[in-house]
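This report refers to the structure that appears directly beneath it.
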Protein chains: 4
Amino acid sequence: MAYQALPETTTQPLHIAVIGTGWIGAFHARTVAQYLPDAVLHVVADPAPGRAAELAAELGCTSYTEDIADVFADDTVDAVVIGAPSAFHAGLIAQAAAAGKHIFCEKPAAHALADLDQALQAVEDAGVLLQIGFNRRFAKDFALVSEQIASGAIGTPQLMRSLTRDPQVEGGLPNGDKVRSHVIFTETLIHDFDTLNWLNSEAEVTEVYTMSDALVAPEHKKTGLLDTAVVTLRYSNGAIAVAEANFSASYGYDVRGEFFGSSGMVQAGNPVQLAASSFDAQGAHAPTERLNIELFAQAYRDQLSIFTRKIRGVREGTADAALAVPTGADARAALRVALAALESSETGLPVKLQSATRLAVNA
Amino acid sequence: MAYQALPETTTQPLHIAVIGTGWIGAFHARTVAQYLPDAVLHVVADPAPGRAAELAAELGCTSYTEDIADVFADDTVDAVVIGAPSAFHAGLIAQAAAAGKHIFCEKPAAHALADLDQALQAVEDAGVLLQIGFNRRFAKDFALVSEQIASGAIGTPQLMRSLTRDPQVEGGLPNGDKVRSHVIFTETLIHDFDTLNWLNSEAEVTEVYTMSDALVAPEHKKTGLLDTAVVTLRYSNGAIAVAEANFSASYGYDVRGEFFGSSGMVQAGNPVQLAASSFDAQGAHAPTERLNIELFAQAYRDQLSIFTRKIRGVREGTADAALAVPTGADARAALRVALAALESSETGLPVKLQSATRLAVNA
Amino acid sequence: MAYQALPETTTQPLHIAVIGTGWIGAFHARTVAQYLPDAVLHVVADPAPGRAAELAAELGCTSYTEDIADVFADDTVDAVVIGAPSAFHAGLIAQAAAAGKHIFCEKPAAHALADLDQALQAVEDAGVLLQIGFNRRFAKDFALVSEQIASGAIGTPQLMRSLTRDPQVEGGLPNGDKVRSHVIFTETLIHDFDTLNWLNSEAEVTEVYTMSDALVAPEHKKTGLLDTAVVTLRYSNGAIAVAEANFSASYGYDVRGEFFGSSGMVQAGNPVQLAASSFDAQGAHAPTERLNIELFAQAYRDQLSIFTRKIRGVREGTADAALAVPTGADARAALRVALAALESSETGLPVKLQSATRLAVNA
Amino acid sequence: MAYQALPETTTQPLHIAVIGTGWIGAFHARTVAQYLPDAVLHVVADPAPGRAAELAAELGCTSYTEDIADVFADDTVDAVVIGAPSAFHAGLIAQAAAAGKHIFCEKPAAHALADLDQALQAVEDAGVLLQIGFNRRFAKDFALVSEQIASGAIGTPQLMRSLTRDPQVEGGLPNGDKVRSHVIFTETLIHDFDTLNWLNSEAEVTEVYTMSDALVAPEHKKTGLLDTAVVTLRYSNGAIAVAEANFSASYGYDVRGEFFGSSGMVQAGNPVQLAASSFDAQGAHAPTERLNIELFAQAYRDQLSIFTRKIRGVREGTADAALAVPTGADARAALRVALAALESSETGLPVKLQSATRLAVNA
């Protein structure tokens, strides 16, 4: 054998702990394990008996734990990816920050502003990075549209639209009786609120009005389900926006945006994703995307890749430290809109953000 | 010469009078004169000095008048096409009906419900036909979407969208200082309200909320201009709809609709109309439509062609008597929504149609 | 009655005779009768017993004849529209020209160059207008593409494509046993050859190679049917083009063009014509055009409208005299390609136009 | 620390050697190093001084060599990825097979049939896997179209089209004076020939005719450059296909296919890849793809992922052993067409594959 040898690279991979093994936690764990060349999946953590072990085994990760505290106590862990149920997000952010870990947290960062503010204070105190899982910002089409708007393609924003429709599943809406009324705002439309805020970056929402209902599964309306919502938003620069969500699109996952202003319009998203079409006696046909992890496969991966690059950038003082990511402040802005929209759905009246009851604790 | 002769057809062409010579009146007059094989442009009427003569001459019509009453006194006239300013529509409908003329009237049929109801009563008393110029119903794409919805393509309607964006003109919004606040609702969005009513035909609007502003020409906001509006509508079958308008789209005339329900979605309208595209170092490009009479050329003609066919159908007792057209009742339904939307823009609150102040005279 | 009267217009409408009452002749007759404001359908002529009378009656035309000579003898006739079987085209052109009539003739103008040259000589001697029914030039998308190419959008042409696929009809290819081998070249691809010549206007075809077969109805191959053909053409400026035809597209009428050069590409035509789409559990769907007279409705009308405007332009010395239309020279250029392509299909070898046997009589 | 430990996985990753460090070799090496969870980049080999070391260092691979023989002598190597210049492909395949390595080889597998047959014999003798880099088969749109055709979507194939246009680069065609006439057939169109063969899988090419030229860089025509080619192919089942290539598309990388038959048409590929569009006063715009490794990023990765899965499938006797990949036989079929197309470009005549001179050595 005459190979010549190079020294092993001195750059240590980032050691990442994934907290939560539900489908999104598992998806992130897989991304860390298989698609991030400069990171390793160090440990999988989930208090649910057996779940962490199962996912770790599947991904070839040799450590797991059912006690999340282990993760925070482990000095080897550089960063955590929080994919636990959203009720725990704010608390986990605070704990991870206190332990000095960089944090990637799925949306929403919190359900209440007070919780979020406590978490953000911990992040600030610790000086760690916090990136929120607003993955749409990393989808190529939305990213391009963002650049176009930034370079003046639409002039002054006047009308905006962002929508999310989840794919229909056989057997009807899963757990419709357990879905509380806030979910469509804090879990689903939070993406749209962030998209609108991000693409109208020089303004903030001043007023919202919500029209919502349980139309997909009206039988669960009595237990609080809202599965369809249209939220109208007024921004401080005059732009009027519509955010729209529905939990059951027969044709699959549908996320789109339209941004119109004084000198033009840009659009992102298209339920028809493949450059394949067929023609027969019934006309023309094209396939549609079915799952969010298919539609946003690239975005899901790129957001974590950016996360690790940014951590390194900060550590090594390179330009990557300045990579743009959705921050805690972004999470807060979107949450404020979501809570105001929820309040409007409850009162049936428009809600001004500066006087919203649900935002009052932070006034 | 050895031609063989056929008898002249015994079917007399319909004699149509066009009232009003503004751009839409003139456009309709041209359609009657040039594109309706079974009708003749009998007379052009407009009180504005010289206008009727000019248009008649241009179209080879040998009669004109500056006294509209002449038209109603003329027994030869079978039908009138009303293209006068909309403030006169209701009165002209009533007069034409009293004179026994069939009536095609541009939208809106009236500005106030009381006026409209008086006109509709006259139509009913006279037993004449009244067709409203909701031309979008005759556009091939919207007509197809209507058929698809009727045959169950979307299941139960849940989310609907209809939008109108007028083309930008050089020099800014024309007469922005003279445009009153009701215009965007009664003249522009009235089309969208009719489209939504028509495509959700088994339900009616119960509540509306308007967010509107002068964003195109903010300098005219003080004199009442509204040039941008988003109206959210709740229908009696649960469907939530958004109607959206703006007076200045840089890329031309833009009319679209999206109708989503329990089993699918249909879309109509596309700002890119031509099957031509070009590719260069900057990417792909396609032309957009610029004018409503281009985008809806076919619809504008077909609605008048249907109007004359229906008149003949009624006279001759054929199946054409049952041709579907937008009626006075449709005009009334759309006007109610427009007035409620206007009221919401004034109060800043959602408006229930059953308790709207502006609809109260008809309660 | 107080109408004021305008003098009848002194401009006489053009008197047009339509020769031939097959589907295309009848279609043109209807266009003349109903869509040309400045022309009248003066007489319908067809030697087939009863056919002319029937069509004339349907269109409200009071004269008809079964002797074509009557048309040429009638001084009132300004122009003829020839829609007879193509075998008679060249002879009718020659006769019409001798009678001093302006001529619109359906494609192909002739089946053989000698016949065509005789006809073109008659046209030249008489100084009448001759316009060929290459309607694709008047389709808005192809017209736009032509302008784009003329203004340099593609730079130097390198690769071109034009295709024609006829819609499938139930029961299989009609009269497949009577379709001779030349038909796909002289009747169908002649459109594509003209399109390519027109859009590569500074060059001419120097060489062609044909690969063809009876694939739609192989049972008729023995009687000469060719229903599928791909013709490769080399132009004097180096551009290589492909013309492609097939007689049976399940999804309807399909005409497209793609023109690629040193600085870009333009495309015209799209089997999906309507701005309507639907989405369901199977994906996305859109309707396709079925008939040439639907796909090219506007083009079919506009070519005759241009024809009458040009006649008036010539008579009155206006700018309309210079309106661009497909000429006898264009017909000749396309026919030369068609005959060379036919020859290539017979010999199985590439054919240089300067040495083609079928073009030899005119060498 | 209370983590629980799982045993390290007993499945060894596949050890892969990459041979060749040009842009495609480097690209494959990066894919192996970063995107294949079950494989490791074991060694980088390239005789060019310094190249292997540089790439290995960049990818964190600790071994490299400038003597390819080292790779074949290394028992640890499970498989090789050949990305060397194509003149060496056949020889490297033979050597790798003799050494018992599984082989992924970039297209074309050889420039001459005799060389290829020798290599394929070695592969057969050794019983190793050979997969050819016809990556288009793994692009989602082409893969879908393949499934659709297999399930009868187009019925009997009649007309097919496959095209490749390389992106224009600033400064004109690189190395135009060094590009030999076979390149457009053996390096570029070989992809299209494989695509057509694959999608018309029950037939084989019987005859080809080529029209080609140097239109992008005519100044290099004298040294043999062909940069534009249209090849017409006749298949044994009657289908007529067109393969088209050009070396310089201003709008970027363009790969498309269209497959038409007795009951329908399917299309794959679209130069507009992103679901983003913009509208301004000039109309509608969309970005186009620029590079093959962008357009086919997913396909490039998936083909290697399938390669490693198939190797494991064979070793472990699982269903993955049957994964469909482009084989040596496919490479041979495509090369036969390429050589016949080259011969046709030289003779200017159609070439029947059974009597082609360039294929004679294997008759």
Side-chain angles (χ1 to χ4, degrees), chain C residues 144 153-161 163 165 168 172 207-218 221 227-235 237-252 254 256 258 260-265 267 271 288 344 347-350 352, chain D residues 153-161 163 165 168 172 207-218 221 227-235 237-252 254 256 258 260-265 267 271 283 288 344 347-350 352:
Chain C
L144 177 65
I154 67 166
T156 307
Q158 296 176 351
L159 287 165
M160 308 176 77
R161 184 193 193 204
L163 71 84
R165 294 182 188 150
Q168 200 167 79
E207 184 177 10
V208 304
Y209 172 75
T210 300
M211 204 175 271
S212 58
D213 208 337
L215 300 176
V216 174
K221 192 170 175 180
D227 53 39
T228 305
V230 172
V231 183
T232 315
L233 306 92
R234 196 190 296 273
Y235 276 88
N237 62 349
I240 302 174
V242 175
E244 179 195 304
N246 179 279
F247 284 173
S248 181
S250 68
Y251 55 91
D254 186 4
R256 280 175 282 151
E258 176 170 311
F260 170 91
S262 56
S263 55
M265 170 171 72
Q267 294 178 323
T288 49
S344 176
T347 63
L349 294 173
K352 288 195 161 45
Chain D
I154 69 167
T156 307
Q158 295 176 350
L159 287 165
M160 308 176 78
R161 184 195 195 203
L163 71 84
R165 295 181 188 149
Q168 201 166 78
E207 184 177 11
V208 306
Y209 172 75
T210 300
M211 205 175 270
S212 58
D213 209 338
L215 300 176
V216 173
K221 192 171 174 178
D227 53 39
T228 305
V230 172
V231 182
T232 316
L233 306 91
R234 195 189 296 273
Y235 275 88
N237 62 348
I240 302 173
V242 175
E244 179 195 303
N246 180 279
F247 284 173
S248 181
S250 69
Y251 54 93
D254 186 3
R256 280 176 284 151
E258 176 171 310
F260 170 91
S262 57
S263 56
M265 170 172 71
Q267 295 177 322
T288 49
S344 176
T347 63
L349 293 173
K352 288 194 161 45

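A quick note: this is a predicted structure, and the numbers were derived from the prediction, not measured. Sequence lines set the chain letters: A, B, ... in the order given, protein chains first and strands last, and positions in each chain run from 1.
With a 4.5 angstrom heavy-atom cutoff, C:L159 touches chain D only via side-chain atoms. Both the backbone and the side chain of D:T232 come within less than 4.5 Å of a heavy atom of chain C. Proximity to chain D is limited to the side chain of C:V242, based on heavy atoms less than 4.5 angstrom apart. Using a 4.5 Å cut-off between heavy atoms, D:E244 touches chain C through its side chain atoms alone. For C:A217, no part sits under 4.5 Å from any heavy atom of chain D, backbone or side chain. Residue contact with chain D, scored on non-hydrogen atoms closer than 4.5 Å, is absent for C:T156.
Between chain D and the residues C:L163, C:N246, C:L349, the most heavy-atom pairs under 4.5 angstrom are made by C:N246.
With sequence neighbours excluded, the residues satisfying side-chain contact (heavy atoms from CB on, under 4.5 Å) with D:A241 are D:M160, D:L196, D:L233, D:Y235. Here D:Q168 pairs with D:S248, D:S250 under the side-chain contact (heavy atoms from CB on, under 4.5 Å) rule; sequence neighbours left out.
For the pair D:S262 and C:V216, the minimum side-chain heavy-atom distance is 4.5 Å or more.
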Test side-chain contact (heavy atoms from CB on, under 4.5 Å) applied to C:M265 and D:D254, step by step: CA-CA 11 Å; C:M265 170 171 72; D:D254 186 3; 4.0 Å; yes

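Scanning all heavy atoms of the two residues, the minimum distance from C:G348 to D:P350 falls at O-CG, 3.2 Å.
With values rounded to the nearest 0.5 angstrom, D:D227 atom CG is found 7.0 Å from C:Q158 atom CD. Once rounded to the nearest 0.5 Å, the distance linking CE of D:M211 with OH of C:Y209 reads 10.0 Å.
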